[in-house]
Amino acid sequence: MTMTNDLDERYRSVFPSWLSPLYAEPISIERGEGSYVWDLEGERYLDFFGGVLTTMIGHNQPDVTAAVQAQAAKVMHTSTLYLNQPMIELAEEIAEVSGIPDARVFFTASGSEANDTALLLATSYRKSNQVLAMRNSYHGRSFTTQAITSHSSWSSTSTSGLDVHFVQGGYRLRSPFRDLDDDAFTQACCDDLEQILDMTSAGSVAALIAEPIQGVGGFAIPPDGFFGQFQKILQNRDILFISDEVQTGWGRTGEHFWGYQAHGVTPDILTFAKGVGNGAGLAGVVARADVMDTIKVASFSTFGGNPLAAAAGLATLRHVRANDLQTNAKRMGERLRNGLHAGIGDVPWIGEVRGRGLMLAIETVHDDSLHPDPSKALAIAEGCKARGLLVGKGGLYGNVVRMAPMLNSTESEIDEGVAALVATIEAIA
């Protein structure tokens, strides 16, 4: 029988050195059920990371599993060169919930490809290679999206055909404006945006791309209304706004279906990925028709709109909406946050507990300072694993623990996760 140690050795012998498992002693995941997964040795873990926010409504979710099995028995792949009902139905439903008027949808296979496509649309529409992005952002690992990633630990190249400038934004804990109240903070960032446009642009910026909540950046959140103020400046200069909803979409924030809705804006372009397929490779772009139709040559995506992934996406989206999992995300997110504050609120090396809905993070620092302490975040991840809980890591300095439970998590599952987190942090303290 294959065991985890065997897989680890084979993993390291065949994959590149820059690809590595999360833990010092990696775990294998053989199967899952709901919010739980089991390794090859039969150990059970409560999954608070969902394959990086991708398994959104539980492992082996009956609706999704049935939809995938039924579609697999018909046809698994056709591409967008052919009509298929799941792809068209899913596009219709995503256009409806996007909030973008006269919306058009283009499917891709990953969030990186979706953001790459969004940049292609914006730069073509505006006939400019100038792009704005946010500091502490992450938008993907493709050649183009690396250029708009302001995260040195994830930036593998500085070479790009884009002219990119980075704006102050949502990571308030380390912002030079962190001591300002919400309104003053937003105004200071708006002033920074205007100055960048006045001083560094050649007069025709294509777009600003932003995550409403920065994912890899450690679930950093700007004040509500922040991007609404940004959009006023952008619209005065005909600059498009792209909302990267790869991690914030589908009701995860609890208060809204999309992260952008906290800001009183409607994006010109929206990208999505991860959770909508509940594990299937599914992503895409939504844009106004005039923006989407700026491409005049033939184009398609081999795997975008794949019938198998589209069937999974339809089942996932319909399950989220039919069961009002957005409301559950808000309620369970508050329970998780309250439990963490009660259990670890006075720990001096926790710089911040932040997030929204079922998108929570703990940033670790050296005692009573802002100096990042990645060793503590690593210790939390390892300690939680030892207690049967899987969490993620992130942040610019690798000092943020990220938690993203399933949208249909129960009170008992949240409480179990809180208990493991609190016990781990108490043991470290």
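- For the 3.5 Å distance criterion, the side chains of Gln168 and Asp192 fail to qualify, holding no donor opposite an acceptor.
- In this structure, OG1 on Thr271 lies 8.5 Å from NE2 on His139, to the nearest 0.5 angstrom.
- Residue pairs meeting the ring pair (Phe, Tyr, Trp, His ring centres under 6.0 Å) criterion with at least one member in residues 93-121: none, sequence neighbours excluded.
- Side chains of Leu240 and Leu234 form no contact here, defined as non-hydrogen atoms less than 4.5 Å apart.
- A side-chain N or O of Asp191 and one of Gln187 form a donor-acceptor pair less than 3.5 Å apart.
- By the 4.5 Å heavy-atom criterion applied to side chains, Trp38 and Tyr45 are not counted as neighbours.
- The ring pair (Phe, Tyr, Trp, His ring centres under 6.0 Å) test applied to Phe226 returns Phe230, not counting sequence neighbours.
- Put simply, the side chain of Val320 reaches to within 4.5 Å of the side chain of Met56, judged on heavy atoms.
- Taking the ring centroids of Trp250 and Phe272, they lie under the 6.0 Å cut-off.
- Within the structure, side-chain hydrogen bond (donor to acceptor under 3.5 Å, both in side chains) contacts touching residues 15-29 (residues at least two apart or in different chains) are Thr4-Ser28.
- Remark: Lys330 NZ is loosely packed, at most 12 non-hydrogen atoms of other residues, nucleotides or ligands lying under 6.0 Å away.
- No hydrogens or angles considered: a donor-acceptor pair under 3.5 Å links the side chains of Glu416 and Tyr36.
- Using cut-offs of 30° and 60° for the angle between ring planes, the Phe303 and His77 rings count as tilted.
- In this view, Leu81 and Ser79, Phe300 satisfy the side chain to side chain contact (heavy atoms under 4.5 Å, CB included) rule, not counting sequence neighbours.
- In the model, Asp373 has no side-chain atom that pairs as donor or acceptor with a side-chain atom of His371 under 3.5 Å.
- Glu93 is listed as a side-chain neighbour of Arg321, based on a closest heavy-atom distance under 4.5 Å.
- A ring pair (Phe, Tyr, Trp, His ring centres under 6.0 Å) with Phe227 holds for exactly one of Trp258, Tyr260, Phe241; it is Phe241.
- Looking only at atom types and distance, the side chain of Ser243 has a donor-acceptor partner in the side chain of Glu245 under 3.5 Å away.
- Screening residues 117-138 for ring pair (Phe, Tyr, Trp, His ring centres under 6.0 Å), with sequence neighbours left out, gives Tyr138-Trp154.
- The side-chain hydrogen bond (donor to acceptor under 3.5 Å, both in side chains) pairs that include a residue from residues 392-401 are Glu363-Asn399, where partners are two or more places apart or lie in different chains.
- With sequence neighbours excluded, the residues that form a side chain to side chain contact (heavy atoms under 4.5 Å, CB included) with Ser112 are Ser110, Arg141, Ser142, Thr145.
- For Ala404, the side chain to side chain contact (heavy atoms under 4.5 Å, CB included) partners at least two apart in sequence or on another chain are Leu53, Arg252.
- Applying the side-chain hydrogen bond (donor to acceptor under 3.5 Å, both in side chains) definition to pairs two or more places apart or across chains, those involving residues 63-76 are Asn60-Thr65, Asp63-His319.
- Within the structure, the salt bridge (charged side-chain N to carboxylate O under 4.0 Å, His left out) test picks out the following pairs touching residues 197-225 (sequence neighbours left out): Asp198-Arg237, Asp224-Arg356.
- Between Ile57 atom CD1 and Asn408 atom CG the span is 6.5 Å, to the nearest 0.5 Å.
- Counting heavy atoms from C-beta outward, Ile27 and Leu390 have side chains that approach closer than 4.5 Å.
- Taking CD of Glu89 as the reference point, atom CG of Leu317 lies at 11.5 Å (rounded to 0.5 Å).
- With sequence neighbours excluded, the residues satisfying salt bridge (charged side-chain N to carboxylate O under 4.0 Å, His left out) with Arg331 are Glu411.
- A heavy-atom distance below 4.5 Å is found between the side chains of Cys384 and Leu421.
- Every residue two or more places apart in sequence or in another chain that forms a side chain to side chain contact (heavy atoms under 4.5 Å, CB included) with Asp324 is listed here: Gln326, Thr327.
- Side chain to side chain, Glu413 and Ser35 meet the donor-acceptor criterion of an N or O pair below 3.5 Å.
- Within the 4.5 Å cutoff, side-chain heavy atoms of Ser124 are placed close to those of Leu120.
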Stepwise side-chain contact (heavy atoms from CB on, under 4.5 Å) check, Ile380 with Ile425: CA-CA 7 Å; Ile380 292 174; Ile425 291 169; 4.0 Å; yes
